[in-house]
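Please read the structure below before turning to the comments.
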Amino acid sequence: MSNKVTDQIDDILKKISTITRKMNWPDLPVDLKPPIGDFALVCFPAAKILKQSPLDIATKIALEIKDIKKIISAEPEKGYCNVVINWNDITIDVINEINNDSYAKTNGKIEKILIEHTSANPTGPFHMGRARNPIIGDSIARLLQYYGHNVETEYYVNDTGRQAATLAFGLSNYETKNKGKVDHELVEAYRNASKLLEEEIDVKEQIYRKMEEIEGGNTKVLKEVKESAKRMLQGMKVSLKRLGAEANNYYHESDLIANGKVEEVIKNLKKCGICKEENGAYYLDLEKENIAGRNQKFFFTRKNGLSLYTTRDIAYHLHKFKRYDKALNVLGEDHRLQSKLLGIALRELDSKEPIGLFYSFVNLPGGKMSTRAGRVVYLDDIMEMIVELAKKKLDETDLNKETKNDLAENIGIGSLRYNILKVQAEKGFTFNIEDALNLQGDSAPFAMYSHARAAAILRNYGKDIPRMKLNEKLSDSEIKLLRTLSKWPDTIQRAVTNLSIHYIPNYTHELASNFNQFYRDCPVVGNNNESLRINLVSASKKILNISLGILGVKAPDRM
RNA sequence: GGGCCUGUAGCCUAGCCUGGAAGGGCGUCUGGCUUCUAACCAGAAGAUCCAGGGUUCGAAUCCCUGCAGGCCCGCCA
């Protein structure tokens, strides 16, 4: 809560405590998130001790405390005493606090954090199945950045291993036709190569030889796979850019082999106490850890001595911690075990461990997405559809064409992001196109619209934000709005602590909704309380803008 | 077989960490634009919070046992 509000409530609670003590009553537990008012005194536990009904206790305590100056009302209901604090006294201070740049930001240590997200294999266009990854990753980055940390994002490019070798093989003889988006064009070459890999023995041999050359550190082949991946990535980056979720850095897995980091890791892992060998292949014996209900052998070399994906991942993370204080990985739920094993290996090497943020896959209404069964929905197609829909809705407005196109883009992409971010990451998610295309209710345009309304009021007012003066008592809508605004720091705090981005859209919707109610009830320009209301509008607009910004949604001044 | 995640109105979802009065949204029905933007607002109907047991004055929330769905258990990535 805003400090001012917390102080006010603490003060009142102290006074209440004095009163109950005088009456020889036990302290009444406080509920700070009551359905009505600012806090509630819970009267059930005292009922037994005092041998009175909870309602009687609530009624009595309400009478005792309602003359406290900082309280507007204290009403008994069921076994609760609901208290509304006097917002009139503190509103100017609260609004000033909200307008301060440090509002809701950390006063703790600023950390240098790397967020790895997306990291999809560069073998073709993004599909919706993993669309949560860039969106959640990007918004978590924006959240931590806003909170005050020093954040960068990175995409780990998987350009070694069979898929990478297959792609390189496919692209080696492929002539670019420059038709359409790069990744959508090149994926054909990859698909053909994959097919040949299955059907033709000599192709299989070539691709597997390439794999071995990659892992063995053949410079020429390493360069080839890296370039192939980059070529595909060119197209994929366009999608991320449109989503507003492009990473700051792209780190290529092949570089870890090329620069000898992988070899170093193998050498050091072999020195670990729990390292064992089997037919020439080395592994960490995790018998004591009892992972996933069984004894795990965590292999880090093949029997030919070459590295595995996990080995490279260890090397990558050691490198991360050379550059950053903290590493955060946004990963699909299928990586949970892998991530745990990685952590153990890093601990063995006396390294820090990354923090994992896991999300469940996006499914289609009919079931799982599958490339083979042709049940794939491309992210690009969804973005296009939703932007087109937004465009159609804007047809009726009299904005000029360029503004309209920009706005449709913001509304469309914003809706998509909002839709995905508002659901808890661990929850399975069925992508319902109808739902995503519904731009009403708990959605990005709802909050964008509130922001535009706030901007319209300020436009109509036409002057600089004035100094505040309270000429009239606050109305219920104003108090409700202030209450929500003062909850912003808590929301940020909870989202940061739990790395739960869905708190932000939840809050945004509540704020926008309360702003709309205020808009209905409280004329601003020309009102007796104009100066205060202008400031309230400005503060609401600010927090709406910030919260939408964290979600990667641009807040328009008109729509 | 084992491990992890999830289960809240017709549908989607918040609340679970830290027990206290079940919040939103979609869809359905009703009403509201001569007043700062109706992508909005107001109202109505709709919930054995997966099931059973335990702890507690009090359980959607904590504990136990089941059930259902997702994911994982490779010298693949």
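Side chains are part of it too, since the values below use all heavy atoms of this structure and drop only hydrogens, waters and symmetry mates. Here is the naming used below: chain letters follow the sequence lines, and residue numbers restart at 1 for every chain.
- Counting any heavy atom pair closer than 4.0 Å across all strands shown, A:Y461 reaches no nucleic acid atom.
- Distances from the side chain of A:Y449 to the nucleotides B:rC40, B:rC73, B:rA21 place B:rC40 closest.
- For A:N279, counting side-chain heavy atoms from C-beta on, the closest listed nucleotide (B:rU8, B:rC71, B:rC75) is B:rC75.
- Checking B:rA14, B:rG25, B:rA77 against every side-chain atom of A:E253, the shortest atom distance belongs to B:rA77.
- Nearest-nucleotide positions on RNA chain B place A:F518 closer to the 5' end than the other of A:A390 and A:F518.
- When both pairing distances are held under 3.5 Å, B:rC16 makes no Watson-Crick or G-U pair with any nucleotide shown.
- In this pair, A:F361 and A:Y359 present their aromatic rings perpendicular. The plane angle is above 60°, beyond the 30 to 60° band.
- If you take CG of A:N438 and C1' of B:rU13, they are 14 Å apart, rounded to a whole angstrom.
- Distance CG/A:D406 to NZ/A:K554: 8.0 Å, rounded to 0.5 Å.
- Nearest to the side-chain atoms of A:H509 among the listed nucleotides B:rG24, B:rC26, B:rA39 stands B:rG24.
- No engagement by A:C43 is indicated, since no non-hydrogen atom pair under 4.0 Å with the nucleic acid exists.
- Distances from the side chain of A:R459 to the nucleotides B:rU37, B:rG25, B:rG20 place B:rU37 closest.
- Summarising the geometry of A:N419 relative to A:A436, their closest heavy-atom pair is ND2-CA, 3.7 Å, with the distance given to 0.1 Å.
- B:rA22 is unpaired under the criterion used here, namely a Watson-Crick or G-U wobble arrangement in which both key atom distances are under 3.5 Å.
- Note on ring orientation: taking the six-membered ring where Trp is involved, the planes of A:W488 and A:Y507 are tilted (angle from 30° to 60°).
- With B:rC36, B:rC75, B:rG15 as the candidates, the nucleotide lying closest to the side chain of A:H502 is B:rG15.
- In the model, A:T160 has a side-chain atom that pairs as donor or acceptor with a side-chain atom of A:R312 under 3.5 Å.
- A:D159 comes within contact range of no nucleotide atom at all, as no heavy-atom separation falls under 4.0 Å.
- Minimum atom distance to the side chain of A:P29 is reached by B:rG20, of the listed B:rC16, B:rC26, B:rG20.
- No engagement by A:S450 is indicated, since no non-hydrogen atom pair under 4.0 Å with the nucleic acid exists.
- Across all strands shown, B:rA42 forms a Watson-Crick or G-U wobble pair, both distances under 3.5 Å, with B:rU30.
- In this structure, A:E434 atom CD and B:rU28 atom P are separated by 12 Å, rounded to whole Å.
- Atom NZ of A:K340 and atom C1' of B:rG2 are 12 Å apart (whole Å).
- Across all strands shown, A:I411 has heavy atoms under 4.0 Å from base atoms, whether or not it also approaches the sugar-phosphate.
- Closest to the A:Q338 side chain, of the nucleotides B:rA39, B:rC73, B:rA77, is B:rA77.
- Nucleic acid contact for A:P54: none, since no nucleic acid atom lies under 4.0 Å from a heavy atom of the residue.
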Exercise. Once each nucleotide of nucleotides 41-46 of chain B is scored for protein heavy atoms under 4.0 Å, what B/S/- sequence comes out, 5' to 3'?
Worked result: SS----
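- The side chain of A:R336 approaches B:rC4 more closely than any other nucleotide in the set B:rC4, B:rA14, B:rC16.
- Comparing atom distances between the A:Y309 side chain and each of B:rA77, B:rA21, B:rU37 picks out B:rA77 as nearest.
- Checked against a 6.0 Å centroid threshold, the rings of A:Y251 and A:Y155 do not count as neighbours.
- Residue whose closest nucleotide on RNA chain B sits further toward the 5' end, between A:K422 and A:K297: A:K422.
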